[in-house]
Amino acid sequence: MQEHEFATRLVAWQRLHGRHDLPWQVSDPYRVWLSEIMLQQTQVSAVRAYYARFLARFPSLPDLAAAPVEEVLTLWSGLGYYSRARNLHRAACMVMDRFEGRFPAVREQIEQLPGVGRSTAAAVAVFAFSRREAILDGNVKRVLTRVFGIEGFPGERAVEQRLWSLAERLLPQEHEAMPAYTQGLMDLGATVCTRGRPACTVCPMVDACHAAQHGRTADLPTPRPRKIIPVRHTLMLMPVASGRVWLERRPSEGIWGGLLSLPEVSDTTAAEDWVARHGGGDVLSDWPEVEHAFTHYRLVITPVPVRLAAPPVAPGSGAWLPLAEAPDAGVPAPVKKLLLRLAGAPPA
DNA sequence: AAGTCGGGGGT
DNA sequence: ACCCCAGACTT
(Lines give C-alpha, C1' and ligand atoms only; values in the text may rest on other atoms or scores of the structure.)
Protein backbone atom coordinates (compact mmCIF):
# COMPACT_ATOMS: atom_id res chain seq x y z
CA MET A 1 0.00 0.00 0.00
CA GLN A 2 1.37 3.38 -1.01
CA GLU A 3 1.42 5.88 1.84
CA HIS A 4 -1.00 8.21 0.05
CA GLU A 5 -3.56 5.42 -0.21
CA PHE A 6 -3.86 5.19 3.58
CA ALA A 7 -5.73 8.52 3.82
CA THR A 8 -7.96 7.72 0.84
CA ARG A 9 -9.07 4.43 2.36
CA LEU A 10 -9.47 5.89 5.82
CA VAL A 11 -11.62 8.84 4.75
CA ALA A 12 -13.91 6.60 2.68
CA TRP A 13 -14.22 4.20 5.61
CA GLN A 14 -14.94 6.98 8.11
CA ARG A 15 -17.81 8.38 6.05
CA LEU A 16 -19.48 4.95 5.90
CA HIS A 17 -18.54 3.28 9.17
CA GLY A 18 -17.08 5.92 11.48
CA ARG A 19 -18.73 7.63 14.43
CA HIS A 20 -20.88 10.62 13.56
CA ASP A 21 -22.92 11.08 16.74
CA LEU A 22 -20.35 12.15 19.32
CA PRO A 23 -21.56 15.31 21.09
CA TRP A 24 -18.26 17.14 20.53
CA GLN A 25 -18.27 16.67 16.75
CA VAL A 26 -18.80 20.37 16.18
CA SER A 27 -16.63 23.19 14.85
CA ASP A 28 -16.81 25.39 17.97
CA PRO A 29 -13.16 25.46 19.13
CA TYR A 30 -14.20 25.78 22.79
CA ARG A 31 -16.22 22.58 22.66
CA VAL A 32 -13.59 20.71 20.66
CA TRP A 33 -10.87 21.80 23.07
CA LEU A 34 -12.93 20.88 26.15
CA SER A 35 -13.64 17.41 24.76
CA GLU A 36 -9.99 16.84 23.83
CA ILE A 37 -8.84 17.71 27.36
CA MET A 38 -11.46 15.46 28.93
CA LEU A 39 -10.51 12.65 26.57
CA GLN A 40 -6.85 12.72 27.57
CA GLN A 41 -6.22 9.32 29.18
CA THR A 42 -9.97 8.93 29.63
CA GLN A 43 -12.41 6.85 27.63
CA VAL A 44 -15.34 8.18 25.63
CA SER A 45 -17.92 6.39 27.78
CA ALA A 46 -16.63 8.11 30.91
CA VAL A 47 -16.42 11.54 29.29
CA ARG A 48 -19.96 11.83 27.89
CA ALA A 49 -21.76 12.67 31.14
CA TYR A 50 -19.01 15.02 32.36
CA TYR A 51 -18.96 16.83 29.04
CA ALA A 52 -22.72 17.47 29.12
CA ARG A 53 -22.66 18.59 32.75
CA PHE A 54 -19.69 20.86 32.14
CA LEU A 55 -21.24 22.53 29.09
CA ALA A 56 -24.51 23.06 30.92
CA ARG A 57 -22.66 25.01 33.59
CA PHE A 58 -20.10 26.68 31.27
CA PRO A 59 -21.78 27.07 27.84
CA SER A 60 -18.95 29.21 26.47
CA LEU A 61 -15.30 29.96 27.11
CA PRO A 62 -16.03 33.34 28.79
CA ASP A 63 -18.33 31.56 31.24
CA LEU A 64 -15.51 29.21 32.16
CA ALA A 65 -12.95 31.98 32.50
CA ALA A 66 -15.26 33.96 34.79
CA ALA A 67 -15.84 31.07 37.20
CA PRO A 68 -13.80 30.33 40.34
CA VAL A 69 -11.39 27.46 39.80
CA GLU A 70 -12.90 25.62 42.78
CA GLU A 71 -16.16 25.21 40.86
CA VAL A 72 -14.30 23.85 37.85
CA LEU A 73 -12.59 21.31 40.10
CA THR A 74 -15.90 20.26 41.64
CA LEU A 75 -17.36 19.57 38.19
CA TRP A 76 -14.20 17.63 37.34
CA SER A 77 -14.10 15.42 40.42
CA GLY A 78 -14.17 11.76 39.44
CA LEU A 79 -12.47 12.27 36.09
CA GLY A 80 -8.93 12.18 37.51
CA TYR A 81 -5.79 14.04 36.44
CA TYR A 82 -7.02 17.19 38.16
CA SER A 83 -4.26 19.34 36.75
CA ARG A 84 -6.31 19.13 33.56
CA ALA A 85 -9.09 21.10 35.28
CA ARG A 86 -6.74 23.74 36.66
CA ASN A 87 -5.01 24.08 33.28
CA LEU A 88 -8.40 24.29 31.57
CA HIS A 89 -9.36 27.26 33.70
CA ARG A 90 -5.96 28.95 33.26
CA ALA A 91 -6.15 28.42 29.52
CA ALA A 92 -9.62 29.94 29.34
CA CYS A 93 -8.37 33.05 31.14
CA MET A 94 -5.37 33.13 28.82
CA VAL A 95 -7.56 33.05 25.71
CA MET A 96 -9.62 35.91 27.18
CA ASP A 97 -6.79 38.32 27.90
CA ARG A 98 -3.97 37.21 25.58
CA PHE A 99 -6.06 36.34 22.51
CA GLU A 100 -8.89 38.80 23.22
CA GLY A 101 -11.42 35.99 23.64
CA ARG A 102 -10.72 34.55 20.19
CA PHE A 103 -9.57 30.95 20.25
CA PRO A 104 -6.24 30.70 18.35
CA ALA A 105 -6.52 28.85 15.03
CA VAL A 106 -2.91 27.78 14.47
CA ARG A 107 -1.50 24.64 16.04
CA GLU A 108 1.62 26.34 17.40
CA GLN A 109 -0.54 28.95 19.17
CA ILE A 110 -3.03 26.45 20.55
CA GLU A 111 -0.05 24.51 21.87
CA GLN A 112 0.90 27.51 24.04
CA LEU A 113 -2.17 26.95 26.22
CA PRO A 114 -1.49 25.06 29.46
CA GLY A 115 -2.54 21.42 29.34
CA VAL A 116 -2.35 21.33 25.56
CA GLY A 117 0.45 19.36 23.93
CA ARG A 118 1.18 18.80 20.28
CA SER A 119 -1.42 16.10 19.66
CA THR A 120 -4.25 17.88 21.45
CA ALA A 121 -3.39 21.16 19.73
CA ALA A 122 -3.44 19.39 16.38
CA ALA A 123 -6.82 17.81 17.08
CA VAL A 124 -8.36 21.20 17.90
CA ALA A 125 -6.72 22.76 14.84
CA VAL A 126 -8.15 20.02 12.65
CA PHE A 127 -11.70 19.78 13.99
CA ALA A 128 -12.29 23.49 14.59
CA PHE A 129 -10.23 24.96 11.75
CA SER A 130 -9.58 22.12 9.25
CA ARG A 131 -5.83 22.64 9.52
CA ARG A 132 -3.44 20.07 8.04
CA GLU A 133 -1.88 18.73 11.26
CA ALA A 134 -1.10 15.23 12.48
CA ILE A 135 -2.32 13.78 15.77
CA LEU A 136 -0.55 10.99 17.65
CA ASP A 137 -2.47 9.59 20.59
CA GLY A 138 -2.80 6.07 21.93
CA ASN A 139 -5.28 5.05 19.23
CA VAL A 140 -3.12 6.37 16.40
CA LYS A 141 0.00 4.75 17.80
CA ARG A 142 -1.78 1.40 17.89
CA VAL A 143 -3.06 1.69 14.31
CA LEU A 144 0.25 2.87 12.86
CA THR A 145 2.49 0.38 14.67
CA ARG A 146 0.25 -2.46 13.47
CA VAL A 147 -0.39 -1.38 9.88
CA PHE A 148 3.25 -0.41 9.25
CA GLY A 149 4.87 -2.98 11.54
CA ILE A 150 6.73 -0.52 13.73
CA GLU A 151 8.60 -2.28 16.53
CA GLY A 152 9.60 -0.89 19.94
CA PHE A 153 7.74 0.71 22.84
CA PRO A 154 6.03 3.87 21.46
CA GLY A 155 6.91 5.75 24.66
CA GLU A 156 10.53 5.56 23.60
CA ARG A 157 11.85 8.69 21.96
CA ALA A 158 13.17 7.14 18.74
CA VAL A 159 9.98 5.14 18.17
CA GLU A 160 7.78 8.14 18.86
CA GLN A 161 9.75 10.27 16.41
CA ARG A 162 9.32 7.68 13.68
CA LEU A 163 5.59 7.63 14.40
CA TRP A 164 5.29 11.41 14.23
CA SER A 165 7.04 11.62 10.88
CA LEU A 166 4.97 8.73 9.53
CA ALA A 167 1.77 10.38 10.79
CA GLU A 168 2.72 13.56 8.91
CA ARG A 169 3.47 11.73 5.65
CA LEU A 170 0.10 9.97 5.80
CA LEU A 171 -2.01 13.17 5.93
CA PRO A 172 -4.39 13.77 3.04
CA GLN A 173 -3.39 16.60 0.71
CA GLU A 174 -6.71 18.46 0.90
CA HIS A 175 -7.59 20.49 4.00
CA GLU A 176 -11.28 19.63 3.55
CA ALA A 177 -10.56 15.96 4.22
CA MET A 178 -8.74 16.60 7.50
CA PRO A 179 -11.66 16.31 9.96
CA ALA A 180 -12.94 13.06 8.45
CA TYR A 181 -9.41 11.69 8.20
CA THR A 182 -8.54 12.52 11.80
CA GLN A 183 -11.86 11.27 13.11
CA GLY A 184 -11.35 8.12 11.06
CA LEU A 185 -7.98 7.52 12.70
CA MET A 186 -9.56 7.79 16.15
CA ASP A 187 -12.61 5.71 15.17
CA LEU A 188 -10.55 2.94 13.61
CA GLY A 189 -8.45 2.69 16.75
CA ALA A 190 -11.46 2.83 19.07
CA THR A 191 -13.88 0.52 17.27
CA VAL A 192 -11.87 -1.79 14.96
CA CYS A 193 -8.15 -1.76 15.74
CA THR A 194 -8.76 -2.29 19.46
CA ARG A 195 -6.18 -3.48 21.94
CA GLY A 196 -7.61 -6.87 22.83
CA ARG A 197 -9.47 -8.42 19.89
CA PRO A 198 -9.12 -6.25 16.82
CA ALA A 199 -11.90 -6.73 14.24
CA CYS A 200 -9.50 -7.27 11.35
CA THR A 201 -12.19 -8.84 9.16
CA VAL A 202 -13.98 -5.50 8.85
CA CYS A 203 -10.86 -3.34 8.75
CA PRO A 204 -10.28 -1.29 5.58
CA MET A 205 -6.52 -1.78 5.97
CA VAL A 206 -6.43 -5.55 6.57
CA ASP A 207 -4.88 -6.56 3.24
CA ALA A 208 -2.11 -4.03 3.73
CA CYS A 209 -1.67 -4.39 7.50
CA HIS A 210 1.69 -5.81 8.59
CA ALA A 211 0.37 -7.10 11.93
CA ALA A 212 -2.76 -8.71 10.44
CA GLN A 213 -0.83 -10.38 7.62
CA HIS A 214 1.80 -11.77 10.00
CA GLY A 215 -0.51 -12.67 12.89
CA ARG A 216 1.16 -10.19 15.19
CA THR A 217 -1.70 -7.95 16.37
CA ALA A 218 -1.13 -9.26 19.89
CA ASP A 219 2.52 -8.16 19.80
CA LEU A 220 2.02 -4.65 18.44
CA PRO A 221 2.27 -2.04 19.73
CA THR A 222 5.23 -3.28 21.77
CA PRO A 223 4.11 -3.14 25.44
CA ARG A 224 5.70 -0.95 28.07
CA PRO A 225 8.61 -2.62 29.89
CA ARG A 226 7.50 -4.08 33.23
CA LYS A 227 8.07 -2.28 36.49
CA ILE A 228 7.53 -3.15 40.13
CA ILE A 229 4.82 -1.03 41.73
CA PRO A 230 5.69 0.11 45.27
CA VAL A 231 3.18 0.26 48.14
CA ARG A 232 2.77 3.39 50.24
CA HIS A 233 0.87 3.77 53.49
CA THR A 234 -0.94 6.78 54.88
CA LEU A 235 -3.45 7.65 57.61
CA MET A 236 -6.56 9.72 57.04
CA LEU A 237 -8.28 11.40 59.96
CA MET A 238 -12.05 11.60 59.95
CA PRO A 239 -12.77 14.37 62.46
CA VAL A 240 -16.46 14.33 63.41
CA ALA A 241 -18.46 16.75 65.52
CA SER A 242 -22.20 17.48 65.68
CA GLY A 243 -23.02 15.33 62.67
CA ARG A 244 -20.39 17.03 60.53
CA VAL A 245 -17.00 15.97 59.20
CA TRP A 246 -13.96 18.17 58.70
CA LEU A 247 -12.52 18.36 55.17
CA GLU A 248 -9.40 20.24 54.08
CA ARG A 249 -8.42 21.57 50.70
CA ARG A 250 -5.24 19.92 49.46
CA PRO A 251 -2.37 21.92 48.00
CA SER A 252 -2.70 22.49 44.27
CA GLU A 253 0.52 20.60 43.58
CA GLY A 254 0.81 16.85 43.82
CA ILE A 255 -1.71 14.09 44.18
CA TRP A 256 -5.39 15.13 44.22
CA GLY A 257 -4.24 18.74 43.92
CA GLY A 258 -6.84 21.33 44.93
CA LEU A 259 -9.47 18.80 45.98
CA LEU A 260 -11.27 18.70 49.31
CA SER A 261 -10.08 15.71 51.31
CA LEU A 262 -9.62 14.26 54.77
CA PRO A 263 -6.59 15.45 56.78
CA GLU A 264 -3.65 13.17 56.05
CA VAL A 265 -0.93 12.19 58.51
CA SER A 266 2.02 9.84 58.20
CA ASP A 267 1.65 7.72 61.35
CA THR A 268 -0.29 7.22 64.60
CA THR A 269 1.94 9.62 66.53
CA ALA A 270 1.19 12.38 64.03
CA ALA A 271 -2.50 11.47 64.30
CA GLU A 272 -2.44 11.88 68.09
CA ASP A 273 -0.64 15.21 67.72
CA TRP A 274 -3.27 16.41 65.27
CA VAL A 275 -6.10 15.53 67.64
CA ALA A 276 -4.31 17.18 70.57
CA ARG A 277 -3.73 20.34 68.56
CA HIS A 278 -7.47 20.50 67.83
CA GLY A 279 -8.80 20.33 71.35
CA GLY A 280 -8.52 16.60 71.94
CA GLY A 281 -10.97 13.81 71.20
CA ASP A 282 -11.63 10.09 71.05
CA VAL A 283 -10.69 7.64 68.34
CA LEU A 284 -14.03 5.98 67.65
CA SER A 285 -13.03 2.59 66.33
CA ASP A 286 -10.54 0.67 64.24
CA TRP A 287 -11.70 0.73 60.66
CA PRO A 288 -10.49 -1.57 57.91
CA GLU A 289 -7.92 -0.21 55.51
CA VAL A 290 -8.82 1.04 52.05
CA GLU A 291 -6.61 0.31 49.06
CA HIS A 292 -6.29 2.52 46.04
CA ALA A 293 -4.30 1.73 42.91
CA PHE A 294 -2.39 4.33 40.90
CA THR A 295 -0.34 3.86 37.78
CA HIS A 296 2.92 4.10 39.70
CA TYR A 297 2.11 2.97 43.24
CA ARG A 298 -0.52 1.35 45.44
CA LEU A 299 -1.82 3.42 48.32
CA VAL A 300 -3.04 1.81 51.54
CA ILE A 301 -5.17 4.17 53.63
CA THR A 302 -5.77 3.59 57.33
CA PRO A 303 -8.88 5.51 58.38
CA VAL A 304 -8.86 7.12 61.83
CA PRO A 305 -12.37 8.32 62.81
CA VAL A 306 -12.15 10.84 65.65
CA ARG A 307 -14.83 12.66 67.63
CA LEU A 308 -13.40 16.01 68.56
CA ALA A 309 -14.14 17.27 72.06
CA ALA A 310 -14.16 20.87 70.95
CA PRO A 311 -17.10 22.38 69.04
CA PRO A 312 -16.71 22.56 65.25
CA VAL A 313 -14.46 25.58 64.96
CA ALA A 314 -12.71 25.50 61.62
CA PRO A 315 -9.02 24.61 62.11
CA GLY A 316 -7.02 25.85 59.14
CA SER A 317 -8.28 25.89 55.56
CA GLY A 318 -11.30 23.69 55.05
CA ALA A 319 -14.91 23.20 56.05
CA TRP A 320 -17.20 21.27 58.34
CA LEU A 321 -19.66 19.46 56.10
CA PRO A 322 -22.78 17.49 57.07
CA LEU A 323 -22.02 13.76 56.86
CA ALA A 324 -24.66 13.30 54.16
CA GLU A 325 -23.14 15.95 51.88
CA ALA A 326 -19.44 15.23 52.32
CA PRO A 327 -19.21 12.24 49.91
CA ASP A 328 -20.40 14.44 47.04
CA ALA A 329 -18.23 17.45 47.82
CA GLY A 330 -15.79 16.64 45.01
CA VAL A 331 -13.41 14.46 47.00
CA PRO A 332 -10.99 11.81 45.65
CA ALA A 333 -12.54 8.40 45.02
CA PRO A 334 -11.08 6.53 48.02
CA VAL A 335 -12.05 9.44 50.31
CA LYS A 336 -15.58 9.25 48.97
CA LYS A 337 -15.59 5.57 49.85
CA LEU A 338 -14.56 6.42 53.43
CA LEU A 339 -17.11 9.21 53.76
CA LEU A 340 -19.92 6.99 52.50
CA ARG A 341 -18.93 4.44 55.12
CA LEU A 342 -18.91 7.19 57.75
CA ALA A 343 -22.32 8.50 56.71
CA GLY A 344 -23.69 4.95 56.77
CA ALA A 345 -22.44 4.30 60.30
CA PRO A 346 -22.50 7.69 62.02
CA PRO A 347 -21.06 7.95 65.52
CA ALA A 348 -23.71 8.02 68.24
C1' DA B 1 14.72 9.99 29.81
C1' DA B 2 12.19 9.08 33.75
C1' DG B 3 8.70 10.17 37.12
C1' DT B 4 4.10 12.11 38.25
C1' DC B 5 -0.74 12.48 37.89
C1' DG B 6 -6.53 9.11 38.73
C1' DG B 7 -10.39 6.87 37.75
C1' DG B 8 -12.64 3.42 35.20
C1' DG B 9 -13.32 -0.17 31.75
C1' DG B 10 -11.87 -4.33 29.36
C1' DT B 11 -10.11 -8.92 29.60
C1' DA C 1 -5.04 -9.05 38.80
C1' DC C 2 -3.40 -6.57 35.28
C1' DC C 3 -3.47 -3.65 31.29
C1' DC C 4 -4.30 0.62 29.18
C1' DC C 5 -6.98 4.64 27.85
C1' DA C 6 -8.33 11.05 22.32
C1' DG C 7 -1.10 13.06 27.19
C1' DA C 8 1.10 16.86 29.49
C1' DC C 9 4.18 18.54 32.69
C1' DT C 10 8.20 18.58 35.86
C1' DT C 11 12.65 17.20 37.16
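Letters A, B, ... are given to chains in the order of the sequence lines, protein chains preceding strands, and every chain is numbered from 1. Not measured: the values here are computed from a predicted model.
A ring-centre distance under 6.0 Å is not found for A:W76 and A:Y50. Ring to ring, A:W256 and A:Y82 are not that close: their centroids are 6.0 angstrom or more apart. The distance between the ring centers of A:F148 and A:F6 falls below 6.0 angstrom.
Scored by the salt bridge (Lys or Arg N to Asp or Glu O under 4.0 Å) test, A:R48 finds no partners at all (sequence neighbours excluded). In terms of the salt bridge (Lys or Arg N to Asp or Glu O under 4.0 Å) criterion, residue partners of A:R118 (sequence neighbours excluded) are, by chain and number, A:E168.
In this structure, A:Y297 reaches the sugar-phosphate backbone alone: every heavy-atom distance under 4.0 Å involves primed, P, OP1 or OP2 atoms, never a base. When heavy atoms are screened at a 4.0 angstrom cut-off, A:L136 is found touching no nucleic acid atom at all. Contacts of A:T42 with the nucleic acid, taken as non-hydrogen atoms under 4.0 Å apart, include base atoms. Contacts of A:V116 with the nucleic acid, taken as non-hydrogen atoms under 4.0 Å apart, involve only primed sugar atoms and P, OP1 or OP2.
For the pair A:R232 and A:Y297, the cation-pi test (distance below 6.0 Å, angle within 45°) is passed.
The 5' end of DNA chain C is approached more closely, in terms of each residue's nearest nucleotide, by A:E36 than by the other of A:E36 and A:L113. Comparing A:R157 and A:P332, the nucleotide of DNA chain B nearest to each residue sits closer to the 5' end for A:R157. Of the residues near DNA chain C, A:R298 and A:Q25, the one whose nearest nucleotide (by heavy atom distance) lies more toward the 5' end is A:R298. Both A:H292 and A:E156 sit near DNA chain B, but only A:E156 has its closest nucleotide nearer the 5' end.
The stretch residues 68-89 of chain A touches DNA chain B through A:G78, A:L79, A:G80, A:Y81, A:Y82, each having a heavy atom under 4.0 angstrom from the strand.
Note that the first and last nucleotides of DNA chain C, 5' to 3', having any atom under 4.0 angstrom from a heavy atom of chain A are C:dC3 to C:dC9.
In DNA chain B, the stems built from three or more successive Watson-Crick or G-U pairs (distances below 3.5 Å) are B:1-5 with C:7-11, B:7-11 with C:1-5.
Taking the side chain as every heavy atom from C-beta outward, A:E174 and A:R132 never approach each other to under 4.5 Å.
Between the P atoms of B:dG6 and C:dT11, the separation comes to 15 Å (whole Å). The same atom, P, is picked in C:dA6 and in B:dT11; the two are 13 Å apart, to the nearest Å.
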Produce the list of close N/O pairs, under 3.5 Å, pairing protein atoms with atoms of nucleotides 9-11 of chain B; give distances to one decimal.
unit_1 : atom_1 : unit_2 : atom_2 : d
B:dG9  : O4'    : A:Q43  : OE1    : 3.4

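Listed nucleotides: B:dT4, B:dA1, B:dG8. Nearest to the side chain of A:R232: B:dT4.
Salt bridge A:D207/A:R9: present, at least one basic N to carboxylate O contact under 4.0 Å.
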